[in-house]
Chemist: 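Sending over a structure as structure tokens; questions will come in a sec.
These figures come from a predicted structure and were not determined experimentally.
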Amino acid sequence: KEDRESFPPDFPKYSSLDAWQYKTYEELNSSSMSHTGKVSTYPGNGFSQTLYGTKKQSQLMMAELKKNLWIGPGTRVVFIDFTVYNANLNMFCVVRQVFEFPAAGGILADSSYTAMKLIRYTTVEDYVVMGAEIILFVFLIFYVIEEVVEIAALKKEYFKGFFNNVDYVVIIMCFIILGHRAVTYFIIQPTLKDINISSTEFIDFTCLAFWSYFFESLTGCCSFLAWVKIFKYISFNKAMTQLSGTLKRCSGDMVGFLVMFCIIFTAFVQLGYLLFGAQVSDYSSMYNAMFALIRTILGDFDFITLEAANRFFGPVYFLCFVFFVFFVLLNMFLAILSDSFGEVKAEIAAKKNEFEMGDYFKQGYINIIDKMGQRTKQMDIEEAIKRAEDEGYTNMEDIRTYLKMRNFGDVEVEIFFDQHEFKDADIVNINDIDLEENRDTDDEIEAEEGNGNNSTYEADERPRSGKHARRQRADRITSAMSNVSQIEDEELTYIDYDEFNGLTKRVENIEAISGSINKKIDIVLGRLEDMEEDTEKKKDHMSKLMDEFVEGF
């Protein structure tokens, strides 16, 4: 029971009468919060003496308190509270030193130091932070409206999403933190200006220190959840969903494993508490024993102390725990995660990304270039190729429409389709010509040569051999030269410089594209000529064999 009786000495010279009278925290202008020490929890009531003046005066005051048994057999705790301010760092530090007196005797000392910034905005950097806080407040208003609209649309379904819950929790935390900053700036900071530092009155900053530490901790939690929210915005990429997918996949097996782990782990905790609780401080309570075993799993253990406490049960207890928990249960845990990760990875490998981050930034760059009027034909061609690849070259009409929208002519569109094999287009890849088709072509050529049809070739016929192709090309050149001579005879017309540059670029693009096509055509024609020569050789060889066979008869 707490003793509240006053015991003033006769004519105190240095100490005050309040030091010998019991007072509540309200009378002491102190904090109402209780302090939890190593032995017990203590309220803010009691006997108080303010130390002031010089060091000599404080020593005389404490000597008088000691002489008159201010600390006696019934004293259970003594607090020494003071606050210091560092003007260079603009930081307050609230210090509390605690001395507990257990009923069994002795003294247990403890201390706490809480640094806080009560005068928040003094430098340029501080005002930059203020600007960031104002911007944060504006964003919070926007996100509050967005979340309210989403809740109104989804109703109860909104709270079933993990990241939805994280969203509104972060918003609430941010409002609380900004509210604390506003109270500090508009209420606490002006109050500090009224403090008389030369006064002998003690001003208790314990409550401010507690709430300052609380809101700093809340800021840390809010920052952590904000980083976790990044997974919400990168979940469109299949590689980023491996963590959540693995946890979801192994959740069923993990529940069964955790039940088994808790049973075995609790058994070892209680066994360690009962075996070593009276001799080893790490096992002095169930709480301490639990964390001692968790540290053992992580490799932080004191085997020598266990062995010294009990030479038989100490090593046996340690070895059993390491075998069952470390070698068996921990490896089961890793096996569950490994199997689930392998399954999720196999599923993800078969899926297609809903969105590629690189494509997103590339598209943003192309949009900016387009608005600046600096977009080139090469960008349009690359975009068309990407769209074709995404659809497996089955969207020929879509690509044709897109190229027409980008001001490609019909010739340019056909050249584009000639370079890529679309399934909906009648386009043949010249690199994949079948040997059987070549043989059929050779047969047709031989038949026509036998009928004497080698004298004339139409320009629009498909080339049947290398000679035929070269003759067609010569005819086209002759026709083009005649057209040029006709154009020279006509009246010349002038065009704008910009239009001329545009036509020049288009011609250059056509030449670049047609160059690769000509190379492929030359390759095919070369192959046809080689096959024609091989066929002639085979014919000669067969005729010789037949002649020898006839001569033999």
Chemist: Taking atom OH of Tyr213 as the centre, report whether more than 12 heavy atoms of other residues, nucleotides or ligands fall under 6.0 Å from it.
Modeler: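 No, OH of Tyr213 has 12 or fewer neighbouring heavy atoms, counting only those of other groups under 6.0 Å.
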Chemist: Would you say the side-chain atoms of Glu64 pair up with the backbone N or O of Lys13, donor to acceptor, closer than 3.5 Å?
Modeler: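 Yes, the answer is positive, given that a donor and an acceptor are paired below the 3.5 Å cut-off.
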Chemist: Write down the atom of Gly44, the atom of Leu28, and the distance for their closest heavy-atom approach.
Modeler: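 Minimum heavy-atom separation between Gly44 and Leu28: O-CD1, 4.0 Å.
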Chemist: Supply the atom-to-atom distance Thr114 OG1 to Leu208 CG, rounded to the nearest 0.5 angstrom.
Modeler: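 Between atom OG1 of Thr114 and atom CG of Leu208 there are 11.0 Å.
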Chemist: Using a strict cut-off of less than 4.0 Å between a Lys/Arg side-chain nitrogen and an Asp/Glu carboxylate oxygen, indicate whether Lys117 and Asp126 qualify as a salt bridge.
Modeler: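 So Lys117 pairs with Asp126 through a salt bridge.
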Chemist: Do Asn45 side-chain atoms and Tyr25 backbone N/O form a donor-acceptor pair below 3.5 Å?
Modeler: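 Yes: the side chain of Asn45 pairs with the backbone of Tyr25.
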Chemist: With rounding to the nearest 0.5 angstrom, report the CG to CG distance, Leu192 to Leu118.
Modeler: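 So the gap between those two atoms works out to 5.5 Å.
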Chemist: Applying side chain to side chain contact (heavy atoms under 4.5 Å, CB included), run through Phe257 and Cys250 and close with a yes or a no.
Modeler: CA-CA 10 Å; Phe257 168 79; Cys250 69; over 6 Å; no
Chemist: Would you indicate whether Phe163, at its atom CZ, is surrounded by more than 12 heavy atoms from other residues, nucleotides or ligands within a distance under 6.0 Å?
Modeler: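 Yes - once you tally the heavy atoms of other residues, nucleotides and ligands closer than 6.0 Å, there are more than 12.
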Chemist: Do Asp282 and Asn288 have side chains that get closer than 4.5 Å, going by heavy atoms?
Modeler: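 They are not in contact (no side-chain heavy atoms under 4.5 Å apart), so the answer is no.
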Chemist: List the atom of Gly106, the atom of Pro102, and the distance in Å for their closest heavy-atom pair.
Modeler: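 Looking at all heavy atoms of both residues, the shortest contact is O-CD, 3.3 Å.
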Chemist: Nearest 0.5 Å, what's the CE-OH distance between Met62 and Tyr14?
Modeler: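 So the gap between those two atoms works out to 15.0 Å.
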Chemist: If we ignore angles and hydrogens, is there a donor and acceptor under 3.5 Å between the side chains of Asp18 and Ser16?
Modeler: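 Ser16 and Asp18 do not have a side-chain donor-acceptor pair below 3.5 Å.
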Chemist: Are Lys38 and Asp110 within salt-bridge range, i.e. N to O under 4.0 Å?
Modeler: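 Salt bridge absent between Lys38 and Asp110.
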Chemist: Should Phe186 and Arg181 count as side-chain neighbours, where that means a heavy-atom distance under 4.5 Å?
Modeler: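 Heavy-atom side-chain distance check fails, nothing below 4.5 Å.
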Chemist: Is it the case that atom CZ in Phe7 sees more than 12 heavy atoms from other parts of the structure closer than 6.0 Å?
Modeler: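 Result for CZ/Phe7: enclosed.
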Chemist: At what distance, to the nearest 0.5 angstrom, does CG of Leu140 lie from CG of Leu136?
Modeler: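 The distance works out to 4.5 Å.
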Chemist: Name the orientation class of the two ring planes belonging to Phe321 and Phe265 (parallel below 30°, tilted from 30 to 60°, perpendicular beyond 60°).
Modeler: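 Rings of Phe321 and Phe265: tilted, as their planes differ by 30° to 60°.
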Chemist: Between Asp300 (side chain only) and Thr296 (backbone N and O only), is there a donor and an acceptor less than 3.5 Å apart?
Modeler: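 Not confirmed, Asp300 side chain does not pair with Thr296 backbone.
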Chemist: Could you grab the distance from atom CZ of Arg76 to atom CD1 of Ile71, nearest 0.5 Å is fine?
Modeler: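 Arg76 CZ to Ile71 CD1: 12.5 Å, rounded to 0.5 Å.
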Chemist: Scan for ring-ring contact (aromatic ring centres under 6.0 Å, His included) pairs involving residues 78-98, sequence neighbours excluded, and state none if there are none.
Modeler: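 Sorted pair list: His35-Phe79, Tyr85-Phe92, Phe92-Phe205.
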Chemist: Distance-only, no hydrogens or angles: does the Gln270 side chain make a donor-acceptor pair with backbone N or O of Ala267 under 3.5 Å?
Modeler: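 Side chain of Gln270 to backbone of Ala267: no pair is present.
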Chemist: Test Glu157 against Lys160 for salt bridge (charged side-chain N to carboxylate O under 4.0 Å, His left out), laying out the working first.
Modeler: CA-CA 5 Å; Glu157 295 296 326; Lys160 294 182 180 180; 3.1 Å; yes
Chemist: Does Lys229 NZ have over 12 foreign heavy atoms under 6.0 Å away?
Modeler: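 Yes, because the 6.0 Å sphere around NZ of Lys229 holds more than 12 heavy atoms from other groups.
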Chemist: Tell me yes or no: between the side chains of Gln189 and Thr184, is some donor less than 3.5 Å from an acceptor?
Modeler: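 There is no such pair between these side chains.
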Chemist: Using side-chain heavy atoms (C-beta onward) and a distance below 4.5 Å, is Tyr121 in contact with Met130?
Modeler: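 Yes, side chains in contact.
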Chemist: Can you tell me which residue among Val39, Leu108, Val98 is in a side chain to side chain contact (heavy atoms under 4.5 Å, CB included) with Val77?
Modeler: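 Only one option passes, and that is Val98.
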Chemist: Just say parallel, tilted or perpendicular for the rings of His180 and Phe215, cut-offs at 30° and 60°.
Modeler: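 His180 vs Phe215 ring planes: parallel.
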Chemist: Fit a plane to each ring of Phe210 and Phe214, take the angle between them on a 0 to 90° scale, and name the class: parallel (under 30°), tilted (30 to 60°) or perpendicular (over 60°).
Modeler: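 Parallel.
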Chemist: Distance check, rounded to the nearest 0.5 Å: Tyr42 atom OH versus Thr36 atom OG1?
Modeler: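 Going from OH on Tyr42 over to OG1 on Thr36, the span is 9.5 Å.
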Chemist: For a 4.5 angstrom cut-off between non-hydrogen side-chain atoms, does Leu218 reach Met173?
Modeler: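 Counting from C-beta outward, Leu218 and Met173 do come under 4.5 Å.
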Chemist: Which of these passes side chain to side chain contact (heavy atoms under 4.5 Å, CB included) with Phe159: Leu154, Asn164, Asn165?
Modeler: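 The residue from Leu154, Asn164, Asn165 that satisfies side chain to side chain contact (heavy atoms under 4.5 Å, CB included) with Phe159 turns out to be Asn165.
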Chemist: For Phe324, does the CZ atom have more than 12 heavy-atom neighbours from other residues, nucleotides or ligands under 6.0 Å away?
Modeler: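 Result for CZ/Phe324: open.
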Chemist: Between Thr266 and Cys262 (side chain of the first, backbone of the second, donor and acceptor by atom type, cut-off under 3.5 Å), is there such a pair?
Modeler: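 Here the side-chain-to-backbone pair exists.
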Chemist: What I'd like to find out is whether the side chain of Cys320 reaches to under 4.5 Å of the side chain of Phe268, using heavy atoms alone.
Modeler: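 Yes, side chains in contact.
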Chemist: Could you walk me through whether Ser338 and Leu334 pass the side chain to side chain contact (heavy atoms under 4.5 Å, CB included) check?
Modeler: CA-CA 6 Å; Ser338 179; Leu334 296 177; 6.0 Å; no
Chemist: Can a salt bridge be assigned to the pair Asp339 and Arg249 using a cut-off of 4.0 Å between side-chain N and carboxylate O?
Modeler: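 No, this pair does not count.
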Chemist: Taking the side chain as every heavy atom from C-beta outward, state whether Phe301 and Arg295 have any atom pair closer than 4.5 Å.
Modeler: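 Phe301 vs Arg295: side chains apart.
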Chemist: With a 3.5 Å distance limit and no angle check, can you tell me whether Ser251 reaches the backbone of Lys248 through a side-chain donor-acceptor pair?
Modeler: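 Confirmed, Ser251 side chain pairs with Lys248 backbone.
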Chemist: So does Glu146 have more than 12 non-hydrogen atoms from other groups sitting under 6.0 Å from CD?
Modeler: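 Atom CD in Glu146 is packed in, count exceeds 12.
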Chemist: Give me the atom names and distance for the closest heavy-atom approach of Thr246 to Gln242.
Modeler: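 Heavy atoms only, the tightest pair is OG1-O, 2.6 Å.
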Chemist: Taking the side chain as everything from C-beta on, heavy atoms only, tell me whether Arg96 gets closer than 4.5 Å to Ser111.
Modeler: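 Contact flag for Arg96/Ser111 side chains = no.
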Chemist: Could you give me the CA-CA distance, side-chain angles and deciding distance for Tyr317 and Phe303, then say whether ring pair (Phe, Tyr, Trp, His ring centres under 6.0 Å) is met?
Modeler: CA-CA 10 Å; Tyr317 174 82; Phe303 174 77; over 10 Å; no
Chemist: Apply side chain to side chain contact (heavy atoms under 4.5 Å, CB included) to Phe323 and Val328, showing your working.
Modeler: CA-CA 6 Å; Phe323 176 77; Val328 178; 4.3 Å; yes
Chemist: For Ser15 and Trp70, which I'm curious about, is there any donor-acceptor pair between the side chains at under 3.5 Å?
Modeler: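 The criterion, which ignores hydrogens and geometry beyond distance, is not satisfied for Trp70 and Ser15.
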Chemist: If we only count heavy atoms from C-beta on, is the Met286 to Met290 side-chain gap below 4.5 Å?
Modeler: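 A side-chain contact under 4.5 Å is absent here.
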Chemist: Can you see which heavy atom on Lys155 is nearest to which on Ala152, and at what distance?
Modeler: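 That closest heavy-atom pairing would be NZ-O, 3.2 Å.
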Chemist: Under 6.0 Å between ring centres, would you say that holds for Tyr283 and Tyr273?
Modeler: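 Distance test on ring centres: not under 6.0 Å, no.
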Chemist: What do the steps show when you test Val325 against Phe261 for side chain to side chain contact (heavy atoms under 4.5 Å, CB included), and what is the final call?
Modeler: CA-CA 8 Å; Val325 176; Phe261 177 82; 4.0 Å; yes
